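So the structure is just underneath, and the comments pick up after that.
The sequence lines fix the lettering, A, B, ..., with proteins before strands; numbering per chain opens at 1. Since we're looking at a predicted model, the values are computed, not measured. Note: hydrogens, waters and symmetry copies are ignored here, and every other heavy atom, side chains too, is used.
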Amino acid sequence: MIPHALLILVAAPFVAALILLAVPQRMRLVTRLVSLSAALISAGLSVWVAASWDMARGGFQFDERYPVVPSLGIEMHLAANGWSAALLVLTGLIIVGGVLASWTQERRDQEFYMLLLVLVAGVFGVFVCQDLFILFLFYEIAVLPMYILIGIWGSQGKVEPRGPFKFVYEFLDVGGREYAAMKLTLMLLVGSAAILVAILALYSEAGGTTFDMIALARHHFDPATQKLYFPMVWLGFGALAGVFPFHTWSPDGHAAAPTAVSMLHAGVLMKLGAFGVMRVGMVLMPEGAIAWAPIVGGVAVINIVYGAFGAMGQKDLKYIVAYSSVSHMGVVMLGAATLTVDGWNGAIFQMVAHGVMTGLFFALVGLIYGKTHTRWVPKMGGFGRIMPGIASFFTLASLSSLALPGTAGFIAELLVFIGAWQSGHPVWAVAGAAGAFITAVYVLRAVKRIFWGEGPSEEFAKLGDAKHVEWGALVLLGAAILVFGFWPAPILDLIDATSTRLVQALYPLVLAVNP
Amino acid sequence: MSLPIELALVALFTPAAMAVILALVPPLRRTGRPAAWLSVLAASISLGASVWLFADQLGHPSRDLLESVRWLPHAGAAMANVGLRIDGISAGMTLVVTLVAFCVQVFSLDYMRSEPAADLGRYFTYHSFFIFSMLLLVLAPNLLQLFFGWELVGLTSYLLIGFYFKKPSAAKAAVKAFWVTKLADTGLLLALVVLYTHTGGFEWTSHPGAEVATIITLLLFVAVMGKSAQFPLHVWLPDAMEGPTPVSALLHAATMVAAGVYLIVRTNPLFAQAEFTREVMVWIGSFTAVFAAVIACVQTDIKKVLAYSTCSQLGYMVAALGAGSVMGGYFHLTTHAFFKALLFLAAGSVIHAVHSNEMSDMGGLWKRMKLTTIVFVIGSVSLAGIPGLAGFFSKDLILEGMLESGHTVPWLMLLGAAFLTAFYMGRVLFTAFFGELSEKAKHAHEGGWEMQLPLVLLAIPALGAGYFASRFAGMWHLEYELHLNLEAGAASGLAILGFAVAYVMYGRGAPVATPAILRPIAKLAASGVLDRFYEGLYRVLGLKLAGAVGFFDRYVVDGLMNLSGYLALTAGQKLRRLQSGNVRDYVFVVAFAIFALSAFGILR
Amino acid sequence: MPLAAWVILAAALFSIGLYGVTSRRGAIGILLSVELMANAVNLLFISFGRYRGDHLGQVFTLFAVALTVAEVVIGLALVILLHRVRRSDVRVDEVKELHG
Amino acid sequence: MTLSELSPLSLPLLVLGAALIVLLADIALPKNGGRHLGLFMAAAFAAIFGASFFLDSSGRVFDGVWVGGDFTLFFDRVFLLAGTLACLGSLDHVARHMPGRQGEYYLLLAASVLGMMLLPGARDLILLVVCFELMGMPLYLLAGWAKTDDTRGRGKNAAEAALKFYLVGAVSSVFLLLGLALVVGMSGTTSIEALGHMRHSALFDLGLLTLFGGMGFKIGVVPFHMWVPDTYEGAPTPFVAFLSVAPKAAGFAALTVVFLAGFHVPSGSFMPLMLLLAATTMIVGNLFALRQESAKRLLAYSGITQVGYMLLAFATGTRLGTAMLLFYLLGYTVTNIGAFMVIEATASGDQGEDRVSDFDGLYARSPALALAMLLFLLSLAGIPFVVGFWAKLYVFIAAWEAGHGVLVFLGAVLAVVALFYYMRIARAMYMNEPKDTSPIKTPFGVKLAIAICLAGVVGMGAYPAPFLEQAMLASRSLFG
C-alpha cells in the first residue's frame, strides 16, 4: 500500500510544474526529464491503482481526505472507483505519450511543459476527486491552460468567409489560433457556468453541509429538481465532450493546438466532459437521467453520424481527426444514455479506447505536420514510401477508429450498441453501426490519400520517418490499442465492477425492463 | 488440455507469433528472404499441426471439443469467451486453410523473388497474420470470436490487395474491398447485438425464436454477401485481383471469401430456424452463380475470369446452403478451395512467365510450360465438374440438394452456370495454353521448384478429394451418398458440352474474341454499371453530403456561435457611444436614475 | 406657512438647481447650481425640524453647510486647475477628451 | 469621558496622528524630502495594520454613536492595506510628477483613509455623512493630482478626470443629503439603530432610495457609474488603484450599516430593485469593457462588473451574504490594486497612454510582471486557485441560498464573457511581439506593492478558509 497514492498522483505533475519554474530556461534536457519523470510517476501510480484496485470489494478505494473549507463542507476527498482507475491509466498513457511527442518542442518549451503538467494534474484530479466542488475546481484547471497552450504554440489557420453569416467571418479572425483558443475557452467556461449552478443546486438541496458526492448520492433529490438540473450538467459537461451543437470549439481547437495539446485534449480532456455527465449527472440524478436519456441518446446519435460526415467533408488532416473525435465522443454519450451495464461499460471503455486512439492520431498528425508543414491532405500522397512507420501506426489508429476487432475501439462500440439495443432503442444501435461504417469510409480514404498512391511529390521526397524519442509515443499508444483490443479484460473488469454496482443501485427500473 | 486443443493452439499461434516477431523487429523483416523462410517455416508447422489434428479427428469423428476463457465481463460474470472449438467442421477447414496457405507461401517464395527485401518481408508478415486470423475464425466457439477473425481476415485482405500501394489502382481496389465488406459486416455486428440482447450470449446454438432468428440470419447473410461476393456486393472481388496473384489464390479464391460460406455452415442451427432467409439465399446464390459465370465468359484478363468464376462458385455454395444442403455447400467449399487455389497459382505461374494478365498475350504455353498446363487442365476440369474429379462430387451434391428441396428454377440456373463454367474455362485453356505460341510466351519457362511444388501439392486433392466425401460427411455429422442418375448426368453432360463449344470457338488458335451472343453482356460488364452506381452513391450520399455537413457545421452551426460573439462585440462597440464624455450627461443620468428609483419606491 | 409649502419651495429650488447643473456650460454656473440644490436640502432639513419641533434639522443643517462649503472650495480649486491646463474658459461640455 | 473610553477608536486615531505628523513634517522638511513622507505614511499604515491585531477595538463610543467590533476591524484592515499599497505605489509617481508637493498627497490620502475607517462604525446619520464626505473630498483633489503646467496628456486628463469625478460627486452628495433630510425628517432621529424600528412611509422610502443613489455613486453602481471610466483613465494610476477599491469598500460598508444593520431593507421590499441593479451593473460593465483600448478604462468597466457581483451579495441581505461581500471586497482589494500597479509599472508613459497594446510582449520584457498581471486578471475573472474564484463562488453560494438562482447563472455566464476581455491583456502579454524590447524598470515601491498583492491573491486563493472565517466573524458582529 502506498500512502497518499492518489494525492501524489495528482500532485506530481503540479509539483513538477513548480520545479520547472526554478529550472533555468537553457537547461532543455532537464526540463524534459523533470516533466517526463512527473508523467511517469503519475502514470506508474495510475497503473498501480488500477492493478491493486480490489475488484471484489468494489466501490471507492484508496480513500484520502484533506479539509479545504470546512465551514462550507468542502474537503479534498480523493478516492478511486473502477471507472477512475481505468481512466487514470488512460491519462497516464496519454501524458507520457504527450511529453514524448513534444520532446522536440523548441519555442518557450519550459512554459509549455509547465502548462501541460498543470493541465494533466487537473485531469487526474477530476478522475479521483469525490468532492463535487473540488471536482469543479480541477475541471477548470484542466480546461484553462488550453487557452495559453493554443494561443502561444498553436498553428494559424484561416477560414474563408462564406455562408449566411459571412459578415461575422469577415469581422472575426475565424480559424486563427487566438480565435480557436478563445472560442474553446469561452464555450467550455459557459458550460462550466451551468455546471456550477447545478452543483450549487445539489449542494443546497442536500442541506448545504457537504459537497461530497458519495454523501450526496445517498440523498434522494426531488425528481423535479433532477429533471431541472440534469440538462445543465449534461450540456455543461457535454460542451467539453463535444455534444452537438456545442462541439464547434473542438475542430478549430484541435486543429490549432500543438501536438501534445491536441493529444491531451482529445485524448483525455473530452473524456472529462463525458465522465462528468455520468459521474455527476447520471449517478447523482438518476431520475433526471431517465427522463432525459432519450434526448441524450438522440443527440449522441446525431454526434456520431454528423461528426462522421463532417470528418468526411474535411481536407485538413487535423480537422478530419477532430471531427472524428466529435463522432466518437458521440459513442461515449450514447453508451452513457443507455443506462445499462453494458452501455456504461462501453462508454467508459470507449473513453479509454478513443483516448488512446486519438492520442496516437494526433501524435502522428503532429509528426507529419512537423515534417511537411502542411496538413492539407490533397497535397500529400505516397507517404508510405518515405515514412513507413508513421503509415503503419496511422493505419492502426484508423482501424481502431473504425472499430475493427483486435483494436480497443471495437469492444467499446460493440458494448455500446448492445447497450443501446437493450435499452429499447434499436435505432441508436443501427445508426451507431452506420457511423462506424462512415468512419471506415473517411479514415481509409485518408490513409489512401496520404500514404498510398503515387508520390510523394518533389518537395516531400526527402522526408524521413519518425525518429528516436518520437517512436516512444507511437509505440506506447499503438501497443495500448492492441492490448486493450485483444485482451480488454483487465481494464474492462475494473469498469464493469463499478458500472454493475451503479446501474443496479440507480437504475433497477431500467434493469427490470431489459434484463 | 487435450491433444487436439494443443495442436490447434500450435496451428493458431505459430503463425501469429511469427507475424508479431516480423512486425515488431523491422530489421529482421527487412532482410526479405530470411523473413520469408521464417514465415514459411511457421506455416509448415501450422500445417503439420493441422494435419495431425485432422488425422486425429478422423479417428474420433464424433468428437466435439470446446475450450474457452472469459474475454469480456458483464456484471461480474462472463459476457463472452474466447477459445477453440474443435469438431469435424473446424478441423477440416483448418486443414484446408493451412494447406492452401502453405502452398501459396511456398509459391510466393519464387513468385515474389524480385520484390525489394523490405516489401517481401512485409508480404510474408501479412501472410503469417492471415493464417492466424483465418484460424481464429475457423476455430471460433462463438459468433463474437468468429466476427473477430472475420474482420481480421478482411484487414489482411485489404493490406494484401493494397500490397502494391504505390499503384493507384491497387490502392483504390484495396479501399473498395474494405468499404464494401465493411458495409456488409455492419450486418454481422448488428447480428451480434441482436443475438446478445435476445439470448444473453453469442452462441449460434441458441434459440431466440423464429422471428428473431430471421432477423439475425438476414443480418448475417448481409455480411456473407459482402465477404463471399454475392450479387450485388460482389463488386470488390474482381478489383481485388490487383493484389499479387498468390494472394488472389489464397484469400480471394480459396479461403477468405469462403469464410462467408463457412459462417453459414457454422451458424446453421440459426439458419435452420429461419426459412425466409434460406429462401433469399437460394435465389441470390443461384443468380450470382449464373450472373458471374456469364461475365467470366467475356473477360480477357485471366485473373478476372478466375475471379468471376470464384464469385459464381460461391453462389453455388450459398444456394446449396439455402436449399438446406449443408454437406453440398461445405464440401464444395473444400474442393473449390483446392482447385481454385490451384488454378490461381497456375495462372500466377503463367503471369510470372509472360509478364501479363491478358490471355491474348499467352497462347501455346503448352510448348513451354508442361507442368503448369497439366495442373491447369486438372483444375479446370475439376471446376467444370467433369465426372471423377473433386469438383464433380461437390457440384453434383449441390444440384441434387437443390432439386430435392424443390427449387426447380434455381436448379436450372445452376445447370446453366455449370455449362458456362465449362465454357469459360475451356476458353481460357484453349486460348492461353494451346494454339500458336504468342510473342510474349516465346521466352516463357516454368518457375523454380518453389513454384512447381505447390502446384503438384494442390493438384492431388483437386483430383481426388471427391472420393473421400463420405469420410468427411461422417466427420461433419452430415449425410452423403452418391447418386448417379439422370439429373447428375445432365450437369456432367452440360459441362462436357461447354468444353466442346469452347473448343469449337477457340480450339484452333482463334483470338480471344468475345462470342457474338455475349457481346451486349461484355459491353455491359465493361461499362461497370454496378460500379458506377456505387460510385454515384458514394459521391452523392458520401462526398456531397459530407461536404454539405462540413459547410453547415462551419458556417451555420458555428456561424451561430460566432454570431453571438459578434453581436456582443458589436454591441460593446456601439454602446460605448453612450459614454459621451460630457459630464452634464452624467449628472443628468444620475438625477434621472434617482427619480426613477424614487418612482419605483412610491409606485411599488 | 404650512410644511407642505416649505417642502414645495425646497423642491422648486432643488429643481432649479438641478436644471442649472444639467444645462449650464460654464463651470462656475454649475457650481452655483449645486449650491442652490444643497441649500434647498438645507431648507428641507430646517422645515422638517421646525415641523417636528426638535433641533435635529438645524444641527444637521449646520453640518451640511460646512460640508457643502468644503465641497465648493474643492470645486473652485478644480476649476482653476482645469483653467490652467486648458488655458481657456472652462466650458464643461468641451471637456470630453475622456469618453467611450 | 476619559481617554480610555476612546480605545475602540485607537486605529483611526493612530491614522490621524500619522496624518498630523505628515502635515507638520511637510511644513518642516525641505521640499526635496517629500519622498520620505510617503515612506513614512506607508510604514505608518503598515504598522497600524499590524497593531490592529493587538489592539482591542471593540466597544461603543460617544453613547453608541460609534460602535467598534469585528466588523469595523475587518474594514479597517482593508483600508489600511489599501492605504499601504497606495502609498508604496505612489512613491515614485508622486516624486516624479509633483516633487514639491508630496506631503499634501499623502496627507490627503491619510485623511481619506481616516474617513473610511470611521465609516463602518458610525451608527449616527450625521457622523455617517461627515465620514462619507471626509473620505470623498480628498479623493477629488487626488484625482486631479498633476502638474499644472502639463497642458498635454496626463495633466490635462487628470484635470478632466477630477472635474467629472467632482461634479458627479457633488450632485450625488446633494442627493445623499436630500435622502437624509427625508429620512430624518420623517423619523425624527439620526440614530441608525433606532431607525430600524421606524414605520415606513412613502416619503421615508423615497428618502432611503435617494440615499442609496447618493451612496451608489461612490461604489459606481449602474447608472451612477458614468464618472468611473473617465476618472480612472485620467487620474494618476497609483491613485486609481486606491480609488478603485477603498471607496468602494467604504461605500459598501456604509450601505451595509444603513440598509442591513439599520433598516433591514434588501431582505424586504427593495430586493427586486437591488437585484435588478446588480444584474444591470454586471451586464453593462461587461458590454462596455469588451472593446476598450485603454487598459485602465478596461479595468474600470471590469470594476463596474465586479460591483455587480458585490451588489448581488449585498442584496441577499443575509448574514452569509454580507460575509461573502466582505470576503469579495478583501479579495478584490488585493487583486485590483495589483492590476493597476502593473499598469503603472508597464504603461507609465508620460503621454498618459495605457493602451492594451502597451502590454504587447510584456512576457519578454518582464516575465515576473507578466505573470503577476496574469494572476490578477485570472483572479478578476474568477478562475480557481486565485482569490477571485473563491470570492465569486462564495457570492454565488450566498445568492443561491437566498434563492437567486437566475442571477447566479447570469453571473456565472457573465464571468465567462469577462474572461474574454481580461484575456485580451493576457494575450497581448504572452502572445504578441513586443514593440519595444527594452526591459522594464519597476520602481521599488510599485514592486513591493505588487508583491504584496500577489501574495494575497495567491495565498487567499490557495487557502481562503481563515480569511473567510474573519469575514464571517465580522458579519456576525454586525448582525448580532
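- Rounding to the nearest 0.5 Å gives a distance of 5.0 Å between CG of A/Leu184 and CD1 of A/Ile150.
- Residues meeting the ring pair (Phe, Tyr, Trp, His ring centres under 6.0 Å) test with A/Tyr169, sequence neighbours left out: B/Tyr555.
- Comparing D/Leu393, D/Leu419, D/Leu468, D/Val408 by how many heavy-atom pairs each has under 4.5 Å with chain A, the most go to D/Leu393.
- In terms of non-hydrogen atom pairs under 4.5 Å with chain A, the most contact-rich of D/Val416, D/Val417, D/Val413 is D/Val416.
- Using a 4.5 Å cut-off between heavy atoms, A/Ala194 contacts chain D through both its backbone and its side chain.
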Worked verdict on D/Leu260 versus D/Phe314 for side-chain contact (heavy atoms from CB on, under 4.5 Å):
CA-CA 9 Å; D/Leu260 300 188; D/Phe314 170 73; 3.8 Å; yes

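- With a 4.5 angstrom heavy-atom cutoff, A/Leu137 touches chain D via backbone and side-chain atoms both.
- Contacts of A/Leu196 with chain D are made by side-chain atoms alone, with heavy-atom separations under 4.5 Å and no backbone atom involved.
- With sequence neighbours excluded, the residues that form a ring pair (Phe, Tyr, Trp, His ring centres under 6.0 Å) with D/Phe389 are A/Phe133.
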For chain A and chain D, give me every donor-acceptor pair shorter than 3.5 Å, distances to one decimal.
from, atom 1, to, atom 2, distance (Å)
A/Ser71, OG, D/Glu469, OE2, 3.4
A/Arg108, NH1, D/Tyr430, O, 3.0
A/Arg108, NH2, D/Tyr430, O, 3.2
A/Glu111, OE1, D/Tyr363, OH, 2.8
A/Glu111, OE2, D/Tyr363, OH, 3.0
A/Glu178, OE1, D/Arg427, NE, 3.4

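- When each of A/Leu186, A/Ile74, A/Ile199 is checked for heavy-atom pairs under 4.5 Å with chain D, A/Leu186 comes out on top.
- The CG atom of A/Asp212 sits 11.5 Å away from atom CG of A/Leu135, with the distance rounded to the nearest 0.5 Å.
- Your options are A/Gly208, A/Pro67, A/Ala201, and the one with the most heavy-atom pairs under 4.5 Å with chain D is A/Ala201.
- Annotation: ring pair (Phe, Tyr, Trp, His ring centres under 6.0 Å) contacts of A/Phe221 (sequence neighbours excluded): A/His219.
- The CD1 atom of A/Ile148 sits 9.5 Å away from the CE atom of A/Met114 when rounded to the nearest 0.5 Å.
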How far apart are the C-alpha atoms of A/His4 and A/Val10, what are their side-chain angles, what is the distance that settles it, and do they pass the side-chain contact (heavy atoms from CB on, under 4.5 Å) test?
CA-CA 10 Å; A/His4 306 293; A/Val10 174; over 6 Å; no

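- Between D/Leu325 and D/Val395 the shortest side-chain heavy-atom distance does not fall below 4.5 Å.
- Neither the backbone nor the side chain of A/Leu188 comes within less than 4.5 Å of any heavy atom in chain D.
- Contacts of D/Leu378 with chain A are absent, with no heavy-atom separation under 4.5 Å from either backbone or side chain.
- Separating the CG atom in A/Leu117 from the CZ atom in A/Phe112 is a distance of 10.0 Å, to the nearest 0.5 Å.
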